There are 2 protein chains.
Amino acid sequence: MNALDLDRQLCFALYSASRAMTASYKDLLAELGITYPQYLVMLVLWEEGSNDEGVTVKRLGERLQLDSGTLSPLLSRLESLSFVTRHRSAEDSRRVLVRATAEGAAAKERAECVPARIGERTNLDPASMPELLETLRALTRNLRAEPAPVESPDPPAAPLNSHRASALTARH
Amino acid sequence: MNALDLDRQLCFALYSASRAMTASYKDLLAELGITYPQYLVMLVLWEEGSNDEGVTVKRLGERLQLDSGTLSPLLSRLESLSFVTRHRSAEDSRRVLVRATAEGAAAKERAECVPARIGERTNLDPASMPELLETLRALTRNLRAEPAPVESPDPPAAPLNSHRASALTARH
DNA sequence: CACAATTGAATTGTGTGCAATCATTTTCGT
DNA sequence: ACGAAAATGATTGCACACAATTCAATTGTG
């Protein structure tokens with residue numbers, strides 16, 4: 001009946017779930033000595049930095065949707081932990097190249113088991129994961145896409161909604 | 001193939017969606033002059049504080065899963081915005097009762113349209129909302145419930161997983 | 001009743017997020 | 001080649017989150 005009912009709002013369910021997820025990572029990542037956002041940065045470095053060219057701060061920001069105001073101090077802490085190094089690019093000295101150190105690369109092995117541990121804790125049906133993932137991604141896309149300034153007559157540029165089209169136990 | 005693939009991880013999808021949601025609220029709540037977490041506090045006050053007894057900080061923490069370290073300064077800001085008042089309880093002076101002011105109560109009217117505006121921006125199938133909500137709630141419950149200390153032989157105390165049991169277009 | 005344990009908030013310290021601004025460097029139009 | 005515009009990070013300031021500590025008030029127990 002009440003549109004402002006806290007427990008009926010998707011925003012709060014998302015907010016709660018996200019914080020619960022971050023909290024659940026805490027003890028697992030404590031063994032590595034890093035925080036959850038720091039872990040996300042390492043994921044990108046492990047994924048993209050294998051060619052030892054390093055990853056720019058801009059690229060990290062694109063992957064994680066974080067700006068330099070968040071990444072600069074975070075990378076500074078990762079650097080003081082000896083997980084990464086930062087150097088200005090030789091070709092374009094505006095860029096800063098971030099690389100995992102040997103210690104940072106070694107942490108990847110110890111992190112391999114983390115997603116599975118979290119997966120157990122979520123206790124969700126693994127078959128429903130792809131659908132949940134796609135729903136969340138569609139949600140994120142839609143929210144980022146449409147500021148709908150003030151009064152535009154026709155914003156629906158993204159009519160997609162994943163749930164309708166996909167089967168309940170959809171696989172990829 | 002890679003368990004550490006950023007884009008395959010539920011945690012990152014949640015983290016992104018939650019931040020996108022909060023960002024999407026920003027311009028709507030700017031008209032009220034408050035932030036998203038402040039809005040959440042006002043939701044609880046509008047919902048539970050109608051009997052003008054006020055709501056304790058503890059109760060706010062239970063509803064929002066936030067501790068006094070977050071709520072105390074947040075409430076202080078809401079107080080300086082004249083949205084709420086804070087008074088020690090007469091019966092138990094450890095408790096602090098938070099009440100919406102007339103201005104805070106008036107803001108409820110202006111906030112009524114906010115959930116609908118967000119709903120448009122999500123562009124999700126309204127019929128799939130109950131299932132998504134329930135999945136997120138189950139996820140939150142499971143993550144909060146099972147710390148699984150270190151090596152316990154039998155932690156599965158919460159075998160529930162909503163998706164299996166519910167139909168695709170489940171309603172409540 | 002004395003007094004230890006508990007409870008409820010506030011405070012402190014660290015680490016994000018994000019807007020706004022700044023400095024440096026590169027690019028591009030002329 | 002030159003100057004404006006754009007690109008790239010860093011810095012600053014504010015507001016969460018959350019762990020740990022502190023402090024006052026209450027409750028439980030002998």
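This one's a predicted model, so the numbers in the text were calculated from it and none came from an experiment. Letters go in sequence order (proteins before strands), and every chain restarts at 1.
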Distance check needed: [N] [atom2] versus [X] [atom1], whole Å only.
X: A/His87; N: D/dA10; atom1: NE2; atom2: P; result: 13 Å
X: B/Asp27; N: C/dA19; atom1: CG; atom2: C1'; result: 14 Å
X: B/Leu60; N: D/dC16; atom1: CG; atom2: P; result: 14 Å
X: B/Leu78; N: D/dA15; atom1: CG; atom2: P; result: 11 Å

B/Tyr39 and B/Tyr25 aromatic ring geometry - parallel, tilted or perpendicular at 30°/60° bounds
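Tilted, since the angle between the ring planes falls between 30° and 60°.
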Mind checking whether A/Thr122 and A/Met129 have side chains closer than 4.5 Å, heavy atoms only?
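Not touching, per the 4.5 Å side-chain cut-off.
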Base-pairing mate for D/dG30 - Watson-Crick or G-U, with both contacts under 3.5 Å
C/dC1
With a 3.5 Å cut-off and sequence neighbours excluded, list the donor-acceptor pairs that the side chains of residues 95-102 of chain B form with protein atoms.
residue  : atom : partner  : partner atom : Å
B/Arg99  : NE   : B/Asp52  : O            : 3.1
B/Arg99  : NH2  : B/Glu53  : O            : 3.4
B/Thr101 : OG1  : B/Ser82  : O            : 2.6
B/Thr101 : OG1  : B/Phe83  : O            : 3.3
B/Thr101 : OG1  : B/Glu103 : N            : 3.3
B/Thr101 : OG1  : B/Gly104 : N            : 3.0

Please tabulate, one pair per line, all N/O donor-acceptor pairs under 3.5 Å involving side-chain atoms of residues 67-74 of chain A, not counting sequence neighbours.
residue : atom : partner : partner atom : Å
A/Asp67 : OD1  : A/Gly69 : N            : 3.1
A/Asp67 : OD1  : A/Thr70 : N            : 3.1
A/Ser72 : OG   : A/Ser68 : O            : 3.2

Walk along nucleotides 6-18 of chain C from 5' to 3' and tag each nucleotide B, S or - by protein heavy-atom contact under 4.0 Å, base first, then sugar-phosphate.
-BSSBB---SBBB
Does the pair A/Arg59/A/Glu48 count as a salt bridge with the N-to-O cut at 4.0 Å?
yes
Heavy-atom pair with the smallest gap, counting every atom of A/Pro115 and B/Ala3:
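Distance-wise, the nearest heavy atoms are CG-O, 3.5 Å.
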